[in-house]
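Reminder, nothing fancy here: chain letters follow the sequence lines and each chain counts from 1.
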2 protein chains.
Amino acid sequence: MTYEDAFSALGDSTRRQVFEAVSDRPRAVGELAAGMPVSRPAVSQHLKVLSDAGLVVCRTEGTRRIYAARPEGLAELRAWLDRYWSDVLERYAAEVNEEKE
Amino acid sequence: MTYEDAFSALGDSTRRQVFEAVSDRPRAVGELAAGMPVSRPAVSQHLKVLSDAGLVVCRTEGTRRIYAARPEGLAELRAWLDRYWSDVLERYAAEVNEEKE
DNA sequence: CATCTTCGTAAGTCATGCCTTACGGTAAGT
DNA sequence: ACTTACCGTAAGGCATGACTTACGAAGATG
């Protein structure tokens with residue numbers, strides 16, 4: 001939902017791995033778990049966190065759940081980071097100027 | 001150092017708060033701890049993590065350690081996110097096209 | 001209808017890491 | 001030199017959360 005949720009969600013290494021896998025292309029839960037060192041339920045739980053953070057979406061296909069990356073989720077994070085980055089640069093420049101006086 | 005370190009570091013809520021405080025303007029450790037609900041050593045430990053991740057830098061001023069945000073750290077994260085975002089968009093567009101066939 | 005596949009959730013275990021108190025070290029002031 | 005201010009680190013307690021196994025639900029298959 002917010003950039004904070006995105007940071008918290010992507011803060012975990014395994015969860016980043018899951019997110020990168022579904023970013024490559026949409027995948028089912030079992031397919032994701034097959035390429036990872038953790039169990040399928042663990043992947044399911046990670047997907048729930050990513051979903052709550054608005055980073056992935058899910059569609060049902062028979063008995064399978066296909067998860068895909070949600071571009072808007074990354075966009076929020078990107079927007080925040082862009083604004084924050086320019087703020088930091090501004091204040092950084094101001095600091096350097098003060099230093100010179 | 002890498003974008004992964006940045007994500008891990010900013011994944012914690014308290015640490016984000018510390019980082020945002022030093023982004024506003026450079027501050028000493030005690031000054032940071034004064035405006036936060038945790039102890040000074042806790043802030044010190046968070047600053048170490050942020051420093052290892054390349055997100056903050058430190059200069060000594062008498063007995064005080066002044067911490068400041070490091071723009072390059074955010075830049076790395078931003079660069080990764082930009083590239084990653086465009087990749088996701090590409091693949092997302094490709095998915096939509098396949099869906100239409 | 002029976003079975004198999006695929007998955008989410010519950011319950012419990014266990015490790016990660018966040019926080020605290022205690023201590024030592026360096027620099028400035030008197 | 002002694003005291004004070006400021007900080008990093010060590011050690012330990014403790015909560016959060018990541019992981020596992022077990023179970024039940026929903027759809028496909030025969």
Please answer whether the main-chain N or O of B/G54 pairs with a side-chain N or O of B/R70 as donor and acceptor at a distance below 3.5 Å. yes

Chain A contact limits on DNA chain D, taken 5' to 3' with a cut-off of 4.0 angstrom to heavy atoms: D/dA18 to D/dA28

Side chains of B/Q17 and B/P37, heavy atoms from C-beta outward: is any pair under 4.5 Å? yes

Decide yes or no for B/V22 and B/L50: does some side-chain heavy atom of the first lie under 4.5 Å from some side-chain heavy atom of the second? no

Rounding to the nearest 10°, end axes of the helix from C/dC1-D/dG30 to C/dT30-D/dA1 built from five pairs each make an angle of 20°

Stepwise side-chain contact (heavy atoms from CB on, under 4.5 Å) test for A/V49 and A/Q45: CA-CA 7 Å; A/V49 175; A/Q45 293 162 7; 5.9 Å; no

Test of understanding: clusters of I, L, V, M, F, W, Y form through side-chain heavy atoms closer than 4.5 Å, transitively. Do A/L77 and A/V57 belong to the same one? no

Identify whether any heavy atom of B/T14 sits under 4.0 Å from a base atom; if not, whether one sits that close to sugar-phosphate; answer base, sugar-phosphate or nothing. sugar-phosphate

Check whether A/R15 reaches the backbone of A/L10 with its side chain - one donor and one acceptor, N or O, closer than 3.5 Å. no

Do you reckon A/V38 sits in the same ILVMFWY cluster as A/L47, going by side-chain contacts under 4.5 Å, direct or chained? yes

For residues 35-46 of chain A, which residues have at least one heavy atom under 4.0 Å from DNA chain C? A/R40, A/P41, A/S44, A/Q45

Find out if a path of hydrophobic residues (ILVMFWY) with successive side-chain heavy-atom gaps under 4.5 Å connects A/W80 to B/W85. yes

How would you list, by chain and number, every residue that makes a salt bridge (charged side-chain N to carboxylate O under 4.0 Å, His left out) with B/R65, sequence neighbours excluded? none

Side-chain heavy atoms under 4.5 angstrom apart, residues restricted to Ile, Leu, Val, Met, Phe, Trp, Tyr: same cluster for B/I66 and B/V18? no

Main-chain N/O of B/A21 paired to B/R27 side chain as donor or acceptor, under 3.5 Å: yes

With sequence neighbours left out, write down each residue that passes ring pair (Phe, Tyr, Trp, His ring centres under 6.0 Å) with A/F19, or none if nothing qualifies. B/Y84

With a 4.0 angstrom cut-off to heavy atoms of chain A, pull out the first and last contacting nucleotide of DNA chain C, in 5'-to-3' order. C/dT5 to C/dA10

